Amino acid sequence: MASFKIEHPIARRPDAPGLFLALAPMDGVTDGSYREVLTAMFGGRSGISVCVSEFVRVLRQPVTEAVFLRHCPELARGGSTRAGVPVFVQLLGSDPAWMAEAAARAVALGAPGIDLNFGCPAKTVNNSDGGATLLKQPCRVEQVTHAVRAAVPASIPVTVKVRVGWDDAAPMVDIAMAAEQGGATWLTIHGRTRTQLYKPPVDWHAIGRAREAVSMPVVANGDLFSVSALQRCAEVSGCSAFMIGRGAMGRPELFVQARTGSDRESLSRADMQQLLLRYVAQLLADGAGQHATLGRLKQWLRMGGLLRADMAQWFDDIKRLQTLAEAEATLTQAPQVAKLSSRKSSLPSISTKAPPSPRA
Ligand SMILES: Cc1cc2nc3c(=O)[nH]c(=O)nc-3n(C[C@H](O)[C@H](O)[C@H](O)COP(=O)(O)O)c2cc1C
């Protein structure tokens, strides 16, 4: 397997000893500010190993630098978050030549790795021949991967993200072999079919079948919301590399707990509130407007509320508020945050300085 271009001490590969934990891409959720805050607190050797950007749509035209920087502002800083966690640029498309072109551009801009999205279930994307549609013909996964692999230096990982199949998991092994044949460095599998969308059950067994069929590392993904879920997934799939998406919103501490194997130390209410307020500060420092920031805050609370009762309550408290100031005040006035001044937080401090201008 190729090694990372960024020889950062925390950059690790999923086949290295120990746990590999990737922060999943989530379109409209995991923006640069989110990655910045999460990796500052839970990145590095003791937490998140790698992040993947929201997908960049590749049609039959070049992707501009501005688009890359919007999806992955870390490109302006060498392709990693300030905490030094590499951020792979994810591409979504089906035309091998244009995908290769986009990958070469992303790497020229500083991407430390390229991830290819063959799992997106959105109808608009699938109807224009993108995302999970390609799972119906594994040879197309191979072709796109091959073209991208050939277009970027061998030192740059080209990774592939898939679901277990379109409407059943039968082709999983063929899909995994196609990705390997195309030269993928590793394969991330969300254990659901396209037609399942996000409905249960997640199929970690299919991930295990793929892992056994290929020699590249396989990263397991889907419903990893707790330490015990990670342990069960490891048993069922045989994987020691995982990607966490929605769980990061309600249980960001999972990245650390996964390594200790204990979930006794969960984030307190006060620490969670502080994390959310840091996210707000980071978004504003990164140039997001008040309205967009309010929307992102509501979104985090809505999704985090699926795992934490206090976040569900905060979402209820702010969901109808129209201004960020009101929402911040609601969060800040909650009793636990008010006590913060008299209690040292267990969270490490982070800078919310604005990043350098992309064009600097
Ligand atoms: C709102 C949302 C947006 C997503 N956007 C992307 C994306 O841009 N690229 C991608 O590969 N997967 C995307 N996914 C899928 C996640 O990366 C992940 O595979 C899925 O949520 C299952 O993992 P989880 O159970 O840990 O959340 C998205 C998921 C959600 C919920």
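Numbering of ligands and ligand atoms starts at 1, following listing order. Since the model is a prediction, treat every value here as computed from it, not as a measurement. Index from 1, following the sequence.
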(request) Verify, without hydrogens or angle tests, whether Thr193 (side chain) and Val164 (backbone) share a donor-acceptor contact under 3.5 angstrom. (result) no

(request) For atom 2 (C) of ligand 1, find the nearest protein heavy atom and state the residue, atom name and distance (0.1 Å precision). (result) Met26 CB, 3.9 Å

(request) Going by the side chain to side chain contact (heavy atoms under 4.5 Å, CB included) test, name the single residue among Glu54, Arg246, Gln299 that passes it with Met26. (result) Arg246

(request) For atom 11 (O) of ligand 1, state which one of Gln90, Gln299, Arg246 supplies the nearest heavy atom. (result) Gln90

(message) For atom 3 (C) of ligand 1, what is the closest protein heavy atom, and at what distance to 0.1 Å?
(response) Asp27 N, 3.1 Å

(request) Without swapping roles, check the side chain of Ser49 against the backbone of Leu21 for a donor-acceptor pair under 3.5 Å. (result) yes

(request) Measure from NZ or CZ of Arg60 to the centre of the six-membered ring of Trp98 and say whether it is under 6.0 Å with the direction within 45° of the ring axis. (result) no

(request) Enumerate the atoms of ligand 1 whose separation from the nearest heavy atom of Ala24 is less than 4.0 angstrom. (result) 17 (O)

(message) Regarding Glu36 and Arg77, does a basic nitrogen lie under 4.0 Å from an acidic carboxylate oxygen?
(response) yes

(request) Identify, by atom number and element, the atoms of ligand 1 in contact range of His190, meaning under 4.0 Å from any of its heavy atoms. (result) 19 (O), 20 (C), 22 (C)

(request) Could you tell me the residue and atom name of the protein heavy atom closest to atom 23 (O) of ligand 1, and the distance to it rounded to 0.1 Å? (result) Asn221 ND2, 2.9 Å

(message) Check Asp129 with Arg140, please: is the shortest side-chain N to carboxylate O separation under 4.0 Å?
(response) yes

(request) Give the numbers and elements of all ligand 1 atoms closer than 4.0 Å to a heavy atom of Asp223. (result) 24 (P), 25 (O)

(request) Could you tell me whether ligand 1 has any atom less than 4.0 Å away from a heavy atom of Gly222? (result) yes

(request) Look at atom 29 (C) of ligand 1 and say which protein heavy atom is nearest, naming residue and atom and giving the distance to 0.1 Å. (result) Tyr198 OH, 3.0 Å

(request) With heavy atoms only and a cut-off of under 4.0 Å, state how Lys161 meets ligand 1: side chain, backbone, both or neither. (result) side chain

(request) Using atom types as modelled and distance alone, determine if a side-chain donor or acceptor of His71 lies under 3.5 Å from a backbone N or O of Ser53. (result) no

(request) Can you pull out the closest protein heavy atom to atom 8 (O) of ligand 1? Residue, atom name and distance to 0.1 Å, please. (result) Phe55 CD2, 3.1 Å

(message) Main chain of Met216, side chain of Glu180: is a donor-acceptor contact present, judged purely on distance under 3.5 Å?
(response) yes

(request) Identify the protein heavy atom lying closest to atom 14 (N) of ligand 1, giving its residue, its atom name and the separation to 0.1 Å. (result) Pro25 O, 3.4 Å

(message) Test salt bridge (charged side-chain N to carboxylate O under 4.0 Å, His left out) on Arg192 and Asp223; report intermediate values, then the result.
(response) CA-CA 10 Å; Arg192 286 188 171 83; Asp223 292 9; 2.8 Å; yes

(request) Give the residue and atom name of whichever protein heavy atom lies nearest to atom 26 (O) of ligand 1, and the separation in Å to one decimal. (result) Gly245 N, 2.8 Å

